[in-house]
Amino acid sequence: MTQAVLRAHDLAHAYPNGTAVFQAVSLDVKAREIVCLLGGSGCGKSTLLRALAGLSKPLRGQVEFLEAPLNEPHPRAALLFQQPSLLPWLDVARNVGFGLNFTHQPTLPREQLQARVATALDAVGLGGQHRLRPAQLSGGMAQRVALARALAREPQLLLADEPFSALDAITRAQMQTLLVELVHRWHTAALLVTHDIDEAILVADRILLMGAPAPGEPAQLLREWTVSIERPREAAPAEVTAMRLDILQALHAQQTLPV
Ligand SMILES: Nc1ncnc2c1ncn2[C@@H]1O[C@H](COP(=O)(O)OP(=O)(O)O)[C@@H](O)[C@H]1O
Ligand SMILES: [Mg+2]
């Protein structure tokens with residue numbers, strides 16, 4: 001059996017104001033697997049991802065990363081958000097290297113750090129752009145820099161929260177393809193949060209549907225699909241359409257059962 005990189009058991013979260021966001025969430029992400037967490041706006045995806053990243057403490061339950069309890073962000077679990085959050089006064093290369101020598105990271109010799117940055121920028125197709133500043137980048141390029149920054153950590157898990165939803169459709173499609181290619185090439189696992197059914201079907205090996213089992217109830221994981229459509233999936237539109245219909249039906253039918 002493939003080893004789980006990330007494992008969550010019976011997670012629940014409530015905000016201090018008492019809002020219960022989700023409960024009874026158990027999941028795992030195996031080595032080299034791409035899992036998409038799919039759900040409507042406001043259902044608690046970002047809250048769950050923060051708990052899975054060690055950024056917030058769940059009310060109940062446990063998160064394990066690389067078979068050890070996770071209580072704070074781990075250097076081998078890299079994060080990617082909708083906004084690239086680049087530092088405007090640093091060039092592209094320094095943005096990618098930024099944070100690599102922080103306390104939670106093992107200290108790297110200078111040459112090794114530069115090599116990691118160069119490799120990551122090559123991987124996202126920005127090999128010749130080291131000296132550009134964030135203000136000179138398009139939205140898609142800025143998100144590539146953010147992806148390179150995540151890769152430079154040589155992560156065993158990439159945790160991404162709607163990383164492409166601010167991009168135009170064409171750039172988004174390119175980034176989805178790039179993400180899958182890089183995750184495969186770098187032997188990384190990924191957990192991608194998205195509200196976009198098509199994105200989930202194109203990218204995921206497995207889709208977890210998150211939502212409230214009944215109106216007003218905390219969200220749970222409602223259903224799971226293994227996506228076995230051969231890649232590139234753009235070449236199999238009939239299978240993609242069939243899966244999209246299946247997911248839409250599950251979303252519309254309120255009788256979905258918790259997994
Ligand atoms: N800091 C907070 N305090 C109280 N409620 C919050 C806070 N952040 C988010 N929420 C609520 O938690 C729910 C889930 O939010 P979120 O995880 O951002 O959903 P999603 O990412 O799926 O859109 C929403 O109802 C939101 O209003
Ligand atoms: Mg969100």
Side-chain angles (χ1 to χ4, degrees), residues 6 8-29 34-63 65 70-73 77-86 139 142-143 146-147 149-150 157-169 171-172 175-176 179 189-204 206-225 244 247-248 250-254 256 258-259:
L6 180 76
H9 178 67
D10 195 25
L11 287 188
H13 187 96
Y15 282 108
N17 65 5
T19 320
V21 182
F22 57 79
Q23 65 181 19
V25 169
S26 295
L27 59 84
D28 60 17
V29 180
I34 305 178
V35 175
C36 278
L37 187 64
L38 175 69
S41 255
C43 80
K45 304 181 297 298
S46 295
T47 307
L48 175 56
L49 196 81
R50 290 176 59 82
L52 294 172
L55 286 166
S56 71
K57 200 176 142 42
L59 181 70
R60 204 176 56 229
Q62 283 161 3
V63 180
F65 179 66
L70 183 81
N71 299 309
E72 59 181 2
L79 289 156
L80 192 60
F81 296 103
Q82 186 177 328
Q83 297 305 326
S85 307
L86 304 179
Q143 202 53 311
L147 182 55
R149 184 179 53 195
L157 176 67
L158 183 65
L159 294 162
D161 191 353
E162 311 217 7
F164 312 136
S165 52
L167 302 176
D168 64 82
T171 309
R172 193 185 317 149
M175 291 299 286
Q176 288 162 349
L179 181 84
L191 181 65
L192 174 77
V193 162
T194 184
H195 61 251
D196 181 337
I197 298 178
D198 291 310
E199 177 164 274
I201 300 173
L202 283 179
V203 169
R206 199 148 54 86
I207 296 173
L208 305 175
L209 179 65
M210 186 173 184
E217 286 186 16
Q220 294 183 33
L221 297 185
L222 299 172
R223 267 196 60 180
E224 174 175 337
W225 288 265
R244 184 191 302 125
I247 294 175
L248 279 171
L251 278 169
H252 290 310
Q254 284 293 314
T256 43
V259 291

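Read the numbers this way: they start at 1 and go in the same order the structure lists the ligands and their atoms. For the single chain, residues carry numbers from 1 onward in sequence order.
- Under the 4.5 Å side-chain criterion, counting only non-hydrogen atoms from C-beta, L52 is not in contact with V29.
- Looking at every heavy atom in both residues, V21 comes nearest to G44 through CG1-CA, 3.5 Å.
- Contacts between V21 and ligand 1 below 4.0 angstrom, taking non-hydrogen atoms only, involve the side chain exclusively.
- Taking a distance limit of 4.0 Å, we find that atom 18 (O) of ligand 1 is approached by some protein heavy atom.
- Remark: Q62 CD is loosely packed, at most 12 non-hydrogen atoms of other residues, nucleotides or ligands lying under 6.0 Å away.
- Per-atom contact check: atom 9 (C) of ligand 1 touches the protein, criterion being a heavy-atom distance below 4.0 Å.
- Counting only distance, with no hydrogens or angles, the side chain of Q143 and the backbone of Q82 share a donor-acceptor pair below 3.5 Å.
- Of the residues listed (D161, L55, L158), the one engaging L79 in a side-chain contact (heavy atoms from CB on, under 4.5 Å) is L55, and it is the only one.
- On a distance-only criterion, K45 and ligand 1 share at least one N/O pair closer than 3.5 Å.
- Under a 4.0 angstrom heavy-atom cut-off, G40 registers as being in contact with ligand 1.
- Neither the backbone nor the side chain of V193 has a heavy atom within less than 4.0 Å of ligand 1.
- Of all protein heavy atoms, the one closest to atom 12 (O) of ligand 1 is Y15 CE1, 3.4 Å.
- Heavy-atom separations between G39 and ligand 1 are all 4.0 Å or longer.
- Annotation for ligand 1: atoms under 4.0 Å from non-hydrogen atoms of S46 are 17 (O), 18 (O), 20 (P), 21 (O).
- The nearest pair of heavy atoms linking G42 to K45 is N-NZ, 4.4 Å.
- For atom 25 (O) of ligand 1, the nearest non-hydrogen atom of the protein is G42 O, 3.7 Å.
- The distance criterion of under 3.5 Å between nitrogen or oxygen atoms is not met by S41 with respect to ligand 1.
- At a cut-off of 3.5 Å, with distance as the only test, no side-chain donor of T194 or D196 sits close to an acceptor on the other residue.
- Of the listed options N17, L49, T47, L38, T47 places a heavy atom closest to atom 16 (P) of ligand 1.
- Residue contacts to the Mg ion (ligand 2): S46 brings an N, O or S atom closer than 2.8 Å.
- Nearest approach of C36 to A200, heavy atoms of both residues: SG-CA, 3.8 Å.
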Report the C-alpha distance between I247 and I201 in whole Å, list the side-chain angles of each, state the deciding distance to 0.1 Å, and finish with yes or no for side chain to side chain contact (heavy atoms under 4.5 Å, CB included). CA-CA 10 Å; I247 294 175; I201 300 173; 4.1 Å; yes
